[in-house]
Each structure stands twice: as C-alpha cells, then as structure tokens.
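Here's the structure, in structure tokens; my notes come after.
Every chain is numbered from 1, with letters handed out A, B, ... down the list of sequences.
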2 protein chains.
Amino acid sequence: MVPQAKLMKGTANSLLLCLLSQQPMYGYQIIKELERRSAGYFRFKEGTLYPALHRLEKAGLVMGRWRLLPSGRQRKYYHITDKGHRMLVEKRSQWQNFLAAMNLIIEPASN
Amino acid sequence: MVPQAKLMKGTANSLLLCLLSQQPMYGYQIIKELERRSAGYFRFKEGTLYPALHRLEKAGLVMGRWRLLPSGRQRKYYHITDKGHRMLVEKRSQWQNFLAAMNLIIEPASN
DNA sequence: TGATAATACCTAGATTACCTATGTATATCC
DNA sequence: GGATATACATAGGTAATCTAGGTATTATCA
C-alpha cells in the first residue's frame with residue numbers, strides 16, 4: 001500500500017465533492033483532473049474512484065447522468081446535488097478541525 | 001464511525017512517533033496527552049492505541065519496557081528507537097506532501 | 001465500608017475504504 | 001493491425017479504525 005493510500009481515507013470523498021462542486025465531470029476526467037491539479041500527487045485508481053462515485057450517488061450527494069457523444073461513446077457525468085453541497089461545507093469544516101489538531105501535535109507552537 | 005476515524009488512518013502512527021520522540025510514555029498517558037495537547041480533539045480509543053503500539057514495536061520503531069511503580073502498579077513505557085526517529089522524519093515529509101496536494105485541490109490558489 | 005470513577009493494560013470481531021487485478025468496449029495513432 | 005488512450009465496471013484482498021468486552025489496581029467519597 002502506498003503511503004498516500006491511508007492518508008486518502010476520509011479525504012477522497014471531500015476531493016470528489018470539491019471537484020464536482022465546480023463543474024460536472026465524468027470518472028475518467030476526474031482521475032486526470034485530480035492528477036493535473038495536484039501536480040501528479042493524486043493518482044486515483046479506478047477501483048477506488050468508481051465505487052466511491054457510486055457510494056456518493058447512493059447517498060444522494062451526486063447524481064450521474066449518461067451522455068452520448070457525437071462519436072457514439074458514452075460518458076457518465078456526475079453532478080453535485082444540494083445535499084452534496086451541504087456535505088462539502090461540513091467536510092471542509094471537519095478537515096480544518098483535523099488540520100488544526102494535527103498542527104497542535106506535530107508542530108507544537110511552543111513547549 | 002466518527003468523521004475523525006477515517007482521517008486518523010495514516011496519521012495515527014505519526015502522532016504516536018511524534019509524541020514518543022519527545023519523551024517515553026505509557027499507553028494511558030498517551031491517550032490523555034493527545035487529548036490535552038489537541039484541546040480535546042484527539043480521543044484515541046484503547047482498541048486503537050494498544051494494537052497500534054504493538055505494531056510499532058513489532059516494526060522496531062518503538063520499544064516497550066515495563067516499569068514497576070512504588071505503588072506496585074505496572075506501566076509499560078514506550079521509547080522511540082533510532083529506526084523510529086528516521087521513520088518520523090519520513091512520515092513528516094509524507095504528511096507535508098499530502099497537505100500540499102490537498103491544498104492545491106481544496107483551496108485552489110487561482111483558476 | 002462499599003460503590004464508583006479513574007487508572008492501566010489487553011484482545012476479538014465488525015466495519016470500511018482503500019488497493020490490485022481483471023473484464024469489456026471504443027477511439028486514436030503509427 | 002497493434003499499441004495506447006479513453007471509458008466504465010466489479011470482485012476480492014488488505015489494513016487500520018471502531019465497538020465491545022475482559023482483567024486488575026488505586027483513589028474518592030458518601
């Protein structure tokens with residue numbers, strides 16, 4: 001297991017909601033976009049992403065819509081829902097709290 | 001599962017190594033100390049901490065030594081090893097890289 | 001004195017969200 | 001026509017958390 005893998009737990013959903021809050025995207029695009037924006041750091045595996053999107057959809061946080069391209073290829077675009085937006089706000093807050101606590105331990109201001 | 005739980009994965013070991021790099025501690029003390037220093041945020045469960053300490057010991061990153069108090073009570077103090085110190089340096093670096101990547105996604109500088 | 005809380009260690013089993021590996025299919029490039 | 005990129009999907013393995021339970025000693029307080 002790569003080191004990131006464990007750190008990813010708990011943040012993967014936030015990353016997905018964050019991306020989709022900016023614009024609808026399809027799975028393959030999400031993988032590429034996360035890699036691009038993180039300067040190569042995030043490389044979501046398909047076995048991670050697709051089940052994650054399905055879980056988010058089942059939870060009503062995103063909605064997938066198939067779109068047929070002129071080429072005949074199918075893509076499933078995921079849109080964030082209102083519930084997803086609210087969850088993102090909460091996730092962001094949780095992340096900030098976690099960060100604050102981490103900083104108190106791993107970068108003690110003074111002792 | 002509380003929201004922290006998932007975020008904890010991958011950082012729990014770093015937190016433990018970080019604490020123990022400052023001074024040897026015993027399990028119960030670690031729980032209390034993490035809670036105190038994080039202003040109540042981190043509340044390690046015993047079922048999380050003790051197995052984690054045992055894993056760290058098995059990996060040669062820490063070493064536990066029983067100490068008998070005058071009262072007759074036994075405590076197991078964990079000391080960080082040289083290998084543990086080196087691991088801590090690496091963990092800190094991994095954490096910083098992860099943070100940097102997260103910030104690129106969840107707080108885009110400009111797009 | 002006796003009950004309760006705090007201290008101090010431990011483990012078993014459930015859960016969950018990653019990963020690897022694999023499958024299918026189309027499009028593009030040389 | 002063969003390799004690579006695009007595009008979705010699932011099955012099963014793994015690992016680290018949690019819940020829940022156990023044992024035992026010490027301190028507090030009614």
I'd like to know if the side chain of Lys91(A) reaches the main chain of Cys18(A), judged simply by a donor and an acceptor atom lying under 3.5 Å from each other, with no hydrogens or angles considered. no
Tell me: CZ of Phe44(A) to C1' of dA17(C), nearest whole Å? 11 Å
Report the distance from atom CD of Glu46(A) to atom P of dG12(D), rounded to the nearest whole Å. 19 Å
Main-chain N/O of Gly84(B) paired with Thr81(B) side-chain donor or acceptor, under 3.5 Å: yes
Rounding to a whole Å, what distance do you find between Asn13(B):CG and dA15(D):P? 13 Å
By nearest atom, which of the nucleotides dT20(C), dA9(D), dA16(D) is closest to the Lys45(A) side chain? dT20(C)
Only residue of Leu88(B), Leu34(B), Leu61(B), Val62(B) satisfying side chain to side chain contact (heavy atoms under 4.5 Å, CB included) with Leu16(B) is Leu34(B)
Where protein sits on nucleotides 25-30 of chain C, one letter per nucleotide: B base, S sugar-phosphate only, - none, heavy atoms under 4.0 Å: -BS---
For dC9(C), does the base pair up with any side-chain atom of Gln74(B) as donor and acceptor (N or O, under 3.5 Å, distance only)? no
Just jot down the ring pair (Phe, Tyr, Trp, His ring centres under 6.0 Å) partners of Tyr77(B), sequence neighbours excluded, or say none. Tyr26(B)
Below 4.0 Å: OP1/OP2 of dT17(D) and any side-chain N or O of Arg55(B): yes
Just jot down the salt bridge (Lys or Arg N to Asp or Glu O under 4.0 Å) partners of Glu35(A), sequence neighbours excluded, or say none. Arg43(A)
For the pair made of OH in Tyr77(A) and C1' in dC8(D), what is the distance, rounded to whole Å? 14 Å
Taking only the side-chain nitrogens and oxygens of His54(A), find out if one of them lies under 4.0 Å from OP1 or OP2 of dC8(D). no
Figure out the CD/P separation between Glu35(B) and dA6(C), and round it to whole Å. 12 Å
Hey, is the main chain of Asn13(B) close enough, under 3.5 Å, to the side chain of Arg55(B) for a donor-acceptor pair? no
Under 4.0 Å, heavy atom to any atom of DNA chain C: which of residues 25-34 of chain B qualify? Tyr26(B), Gly27(B), Tyr28(B), Lys32(B)
Distance in angstrom units between Lys9(B) NZ and dT14(D) P, rounded: 15 Å
How many Å lie between CG on Leu49(B) and P on dC9(C), as a whole number? 9 Å
When all nucleic acid strands are considered with a 4.0 Å heavy-atom cut-off, which category describes Ala12(B): base, sugar-phosphate, or nothing? sugar-phosphate
Among dC9(C), dT17(D), dG23(C), which is the nearest nucleotide to the side chain of Trp66(B)? dC9(C)
Contacts of Glu33(A) that satisfy salt bridge (Lys or Arg N to Asp or Glu O under 4.0 Å) - sequence neighbours left out: Arg36(A), Arg37(A)
Could I get the full list of ring pair (Phe, Tyr, Trp, His ring centres under 6.0 Å) partners for Tyr50(B), not counting sequence neighbours? none
Could you state the CG-P distance from Leu15(A) to dC18(C), rounded to the nearest angstrom? 10 Å
Parallel, tilted or perpendicular, judged at 30° and 60°: which one describes the rings of Phe42(B) and Phe98(A)? perpendicular
